[in-house]
Amino acid sequence: MEYNFKDIEAAWQQRWRDDKTYKVEIDHSKPKCYVLDMFPYPSGAGLHVGHPLGYIASDIYSRYKRLQGCNVLHPMGYDAYGLPAEQYAIQTGQHPHITTEQNIARYREQLDRIGFCFDWDREVRTCEPGYYKWTQWAFCQMFHSYYDNDLQQAQPIARLEQHLAAQGTEGLNVACGKELTITAAEWKAMSTKEQQQTLMNYRIAYLGETMVNWCPELGTVLANDEVINGVSERGGYPVEQRMMRQWCLRVSAYAQRLRDGLETIDWRDALKETQRNWIGRSEGTEAQFKVVPNDNPATQEGLEFTIFTTHADTMFGVTFMVLAPESKYVQQVVTADKKAEVEAYLDACKRKTERDRQAAHEVTGVFTGAYAINPITGENIPIWVAEYVLAGYGTGAIMAVPAHDSRDWAFAKHFNLPIIPLIEGDYDLNEGSFDAKEGVMKNSANSQINLNGLCVKDSIAAMKKYVTEHHLGRVKVNYRLRDAIFSRQRYWGEPFPIYYKDGMPYTLPEECLPLQLPEVSEFKPTKTGEPPLGNAQLWAWDEAKKQVVDKALIDQKTIFPLELCTMPGFAGSSAYYTRYTDPHNSEALVSAEANQYWDNVDLYLGGNEHATGHLIYSRFWNKFLKDIKVVKSEEPFKKLINQGMIQGSSRFAARVSGTNKFVSADLLDANGCYEGASTDPIHVDVNFVNNLDMDVEAFRRWRPEFADAEVVCNADGKFVTTAAVEKMSKSKYNVVNPDDICEKYGADTLRIYEMFLGPIEQSKPWDTAGIDGAYRFLKKFWALYNDANTEGNPCCKVNDAEPSADNLKSLHKLIKKVTADVEVFAYNTAISAFMVAVNELQQQKCSSRAILEQLVVLIAPFAPHMAEELWHQLGHTTTVCDAQWPACEEKYLVESTIKYPVQIGGKMRFTIDLPADADAEAVKTAVLAAEDAQRWMEGKQMVKFIFVPKKIVNIVVK
RNA sequence: GCCCUGAUGGUGGAAUGGUAGACACGAGGGACUUAAAAUCCCUUGGCCUUUACGGCUGUGCGGGUUCGAGUCCCGCUUGGGGCACCA
């Protein structure tokens, strides 16, 4: 029987669906294993061959773990909310719900063809009310929580209210927007609204007036990770900075835990490093600088401001101070005669977009006319305003040490400010600063403290101690990680379960969730600039009846407006992994029982592009869920693998410039010219190019303008194209659709080939040409069991013959290699081992059931359809998924003789055959014989030999 | 600028410090076939001599450690990624 992959794959996919072969339930008799893929955003373009790479890898692992006796949870779902569906809706008027449904259906069809072992009963979609109920629920929990720095944990906001009522802010160590000082009496005297405003300073989900990335083109704000080089990640539109009142998540409160958690998880170091960079912990000192009183009234009251520095050791070298343009201190220190000049500068800064500010690294700034006192030297130093100091980091004010900081140096040079060297060494301060991380201090002593002669590290410590003891400042840790901006002025996202009473937000009662996304007449923002939900008529909250009502009724006493923004993309994707463990639970995000059993993700696979977005938010969200005792683990993803990108391999046909004449590439000269005329490379669709040879007829059919093109082929009648590796994309005509591959070669071949391409983490170009090797392998594999000429005689080549020693050796060698490789996701080398083993067994004419049955189990994770079919042909009624992964028995691997290569004098080599159980003594004896031979041949003397177990005996000649 | 990563044939890629190039593609040659497809066999890093189961050279470049380095150390060149007026 021939290997008819089409029938086999269709039949088994049907059978798996009918029997729910991959449905899993809690089973305490088996160890659990949770294998997860990052769920896709179902775009209109469908899947290309790059998308399934990670899914195939995780599928192999899932199947392998199941064969090893684990209860494997391997779910799939859709990240269905997002901008593209909404942009499409604005352009076409099609409801995003409809396009999303269509895209999901298409994705599902494509995924099903590849034969994944997903438990589809657990599918989640972020846009479904039953799912986003829990996204909203989590948001409410965050709203009603604050972060206690002493406990390092989120706590119910009621506990904070008690504390404020009992002792005000005294003894409070919590994450907050501003450090407030309130007495218990003051708290009690506040109105409800004032109390609510105060609490907003502490909530984990809070409404904050912050500097945001505003993208006018998209009409929404964006999170930091959605902005790349000053333009939006989606669409590449310009982004500007704006003060806006927005929902934020206090991710920064978790900065230290997010950083510490990295130590406990099995991720690539590079990825952990990326997250550490993003979190950006820096340990330093906050120090107060007093302002010298001038004609500004604020300075009369002994005004001082705080700066942050990681180099407290350089305080002797501070020759000026710099404030960020947005700093509130600017207005307080500026002198009357400088006011106009400073105002003009602030104005100019405001007008610049974030992009301009990032791009132009020119030195700008203006003197405020004010002076501060260096607390160490007691000297008066000028206070400047400059945009190189960022308002959002530290305190928005710095002490400038031009000798040892390149930015301060550039500023000092530009404005002619003094530069004092503090570190011994041979450097020229006219050339640039000396940004030393080590060295010995000089010029750093007064009657109170002497740093001279100390190294940088010690002097930082000494200065910290001095500053703390003299109440000049305190030791402080700063993080680059900012709070996540959580509002989007868009339609296609989760609505906030929030209504506004007296201008303050309140959450909907828990039993009223989900708050469903309303229908709108228009997906665009309203004319008054409100987000699209402003177009919804049924969008007000009746507090008494606890239901959504018409917004025309808002004047009534119990009816209030609902929030008009929706949540960002990462809201729905932050806790989906835990929802999969209990997807149909309407009482809770996840039951204690399900979380207890399934716990966190053992293996998570996905692209690298989520390193600073999803993977930070998700970890944050999980930590919060742990704090409120919904999940038990601190980290959501124990092991993570980033699959590499599959790049496209584009093909180009040379076209004579300005004509419709195409010339085979091998006819061009070195300059790419044909008969003296220059040519241009034109992208052609890779799907009708075999290796480099283009199918000219298909090319003509491809696009009407090429139907009559003049095509010049080479002497063999072939048209040769050129190739280049590029990103796989429609516009480059290098997209390969997995459906086409399944059609032509089958899903098993696609799976094998994708894994055979190379290490899973590496990016590599897709070239369909190589797929023949994978296809041939499967045909050979099939032929071990089936004779192509014997129709309707399943597994005719398999019998009950005793396996030979060679058979056993080939099989067990394979078991050992494949098991080891799958454990470390080295699927490419595992498949190579299969190819070798199949060739060996074929040569051995192996027909022993004992061997071939185990071989089927081994291939099952890689080529599940074929494995099922062969397993069935071998007479099994159960699915191969429930077979047992074979164990390697070392006894079959023992060689009867071992070849010991012996290298003498660097070049001369001998091979010594020895019994497998030869010990070091036997080897030495053999080596002595080799020495004799060598002496006889060259008359040189042996002086030394080394015995390396198992491998090689090396002899040195002197 | 700082921090990660990688660099091996025509191509994708193998090699616990131990015979570099497994496995596969492509290419060349051959067998079978009326022919094609399919299948099978041989050759295939480069360069010399081909009398050989021969010699030389070879893992981005330059040093070093070692009996022995693609692998470890130091210094470069270069591709990819992250962070970036973060004090």
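Quick note: numbers below take in every heavy atom, side chains included, and nothing from hydrogens, waters or symmetry partners. Keep in mind the model is a prediction, meaning the values are calculated, not measured. Chain identifiers are assigned alphabetically (A, B, ...) following the order of the sequence lines, protein sequences preceding nucleic acid strands; residue numbering begins at 1 within each chain.
Nucleic acid contact for A:Arg281: none, since no nucleic acid atom lies under 4.0 Å from a heavy atom of the residue. Nucleic acid contact for A:Lys272: none, since no nucleic acid atom lies under 4.0 Å from a heavy atom of the residue. Looking at heavy-atom distances under 4.0 Å, A:Arg268 makes no contact with the nucleic acid at all. Residue A:Asn828 is classed as a sugar-phosphate contact, given heavy-atom separations below 4.0 Å to backbone atoms only.
Searching all strands for a Watson-Crick or G-U wobble partner of B:G1 with both distances below 3.5 Å returns B:C83. Using N1 to N3 plus N6-O4 or O6-N4 for Watson-Crick, or N1-O2 and O6-N3 for G-U wobble, each under 3.5 Å, B:G6 pairs with B:U78. Pairing of B:A22, defined by two Watson-Crick or G-U wobble distances under 3.5 Å, is not identified with any nucleotide. Nucleotide B:G45 has B:U57 as its partner under the Watson-Crick or G-U criteria, with both atom distances under 3.5 Å. The base-pairing partner of B:G68, taking Watson-Crick or G-U wobble contacts with both distances under 3.5 Å, does not exist among the strands shown. Both distances falling under 3.5 Å, in either a Watson-Crick or a G-U wobble arrangement, place B:U39 opposite B:A31.
Rounded to whole Å, the separation between the P atoms of B:G80 and B:G12 comes to 16 Å. Distance check on atom P: B:A14 versus B:G6 gives 12 Å, rounded to whole Å. Remark: the separation of the C1' atoms in B:G21 and B:U57 is 15 Å, to the nearest Å. Nucleotides B:U8 and B:G13, compared at atom C1', are 9 Å apart to the nearest Å. Straight-line distance between the C1' atoms of B:A84 and B:G1: roughly 8 Å, to the nearest whole Å. The gap from the P atom of B:C73 to that of B:A22 amounts to 27 Å, rounded to the nearest Å. Atom P of B:U78 sits at a distance of 15 Å from the matching atom of B:C61, rounded to the whole Å. Here the separation of B:C47 from B:G10, taken at their P atoms, is 10 Å to the nearest Å.
The nearest whole Å value for the distance from the CG atom in A:Asn277 to the C1' atom in B:C83 is 5 Å. Between the P atom of B:U11 and the OH atom of A:Tyr753 lies a distance of 15 Å, rounded to the nearest Å. Rounded to whole Å, the distance from OH on A:Tyr827 to P on B:A24 is 21 Å. Going from atom OH of A:Tyr775 over to atom C1' of B:G26 covers 20 Å, rounded to whole Å. Look at CH2 on A:Trp278: it is 19 Å from P on B:C4, rounded to the nearest Å. Whole-Å rounding puts the A:Leu750 CG to B:A24 C1' distance at 16 Å. For A:Phe305 and B:A87, the CZ to C1' distance is 14 Å, given to the nearest whole Å. If you take NZ of A:Lys845 and C1' of B:C40, they are 11 Å apart, rounded to a whole angstrom.
For B:A87, the OP1/OP2 oxygens have a side-chain nitrogen or oxygen of A:Ser282 closer than 4.0 Å. Distances shown here put a side-chain N or O of A:Tyr393 below 4.0 Å from the OP1 or OP2 atom of B:A87. The phosphate of B:A87 has neither OP1 nor OP2 within less than 4.0 Å of any side-chain N or O from A:Arg480. The phosphate of B:G13 has OP1 or OP2 within less than 4.0 Å of a side-chain N or O from A:Gln762.
Distances from the side chain of A:Leu757 to the nucleotides B:A87, B:C4, B:G12 place B:G12 closest. With B:A87, B:C23, B:G13 as the choices, the nucleotide that has an atom nearest any side-chain atom of A:Val389 turns out to be B:A87. With distances taken from any side-chain atom of A:Leu390 to the nucleotides B:A24, B:C85, B:C41, the minimum falls on B:C85. For A:Tyr388, the side-chain atoms get nearest to B:C85 when compared with the rest of B:C85, B:C40, B:C4. Counting only heavy atoms from C-beta on, A:Lys780 has its side chain closest to B:C40 among B:A14, B:C3, B:C40. Proximity note for A:Ser832 (side chain, C-beta onward) versus B:C3, B:A22, B:A38: the nearest is B:A22. The side chain of A:Thr612 sits closest to B:C83 out of B:A87, B:C25, B:C83.
Below 30°, between 30° and 60°, or above 60°: for A:Phe305 and A:Phe289 the angle between ring planes is below 30°, a parallel geometry. Note: A:Tyr785 and A:Phe781 have parallel aromatic rings, judged against thresholds of 30 and 60 degrees for the angle between ring planes. Taking the six-membered ring where tryptophan is involved, the planes of A:Phe862 and A:Phe834 are perpendicular, since the angle between them exceeds 60° and thus also 30°.
In summary, the aromatic rings of A:Trp766 and A:Tyr753 are positioned with their centroids under 6.0 Å apart.
Mapping A:Thr274 and A:Ile398 onto RNA chain B by nearest heavy atom places A:Thr274 at the nucleotide closer to the 5' end. Across the interface with RNA chain B, nearest-nucleotide mapping of A:Ala774 and A:Lys764 shows A:Lys764 to be the residue nearer the 5′ end.
In the model, A:Arg259 has no side-chain atom that pairs as donor or acceptor with a side-chain atom of A:Gln275 under 3.5 Å. Looking at A:Arg651 and A:Ser649, their side chains do bring a donor and an acceptor atom within 3.5 Å of each other. Of the N and O atoms on the side chains of A:Tyr827 and A:Glu754, not one donor lies less than 3.5 Å from an acceptor on the other residue.
An anti base is found at B:G81: its glycosidic angle is more than 90° from 0.
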Run A:Glu273 and A:Arg268 through salt bridge (Lys or Arg N to Asp or Glu O under 4.0 Å) and show every step you take. CA-CA 9 Å; A:Glu273 202 55 36; A:Arg268 265 168 52 235; over 6 Å; no
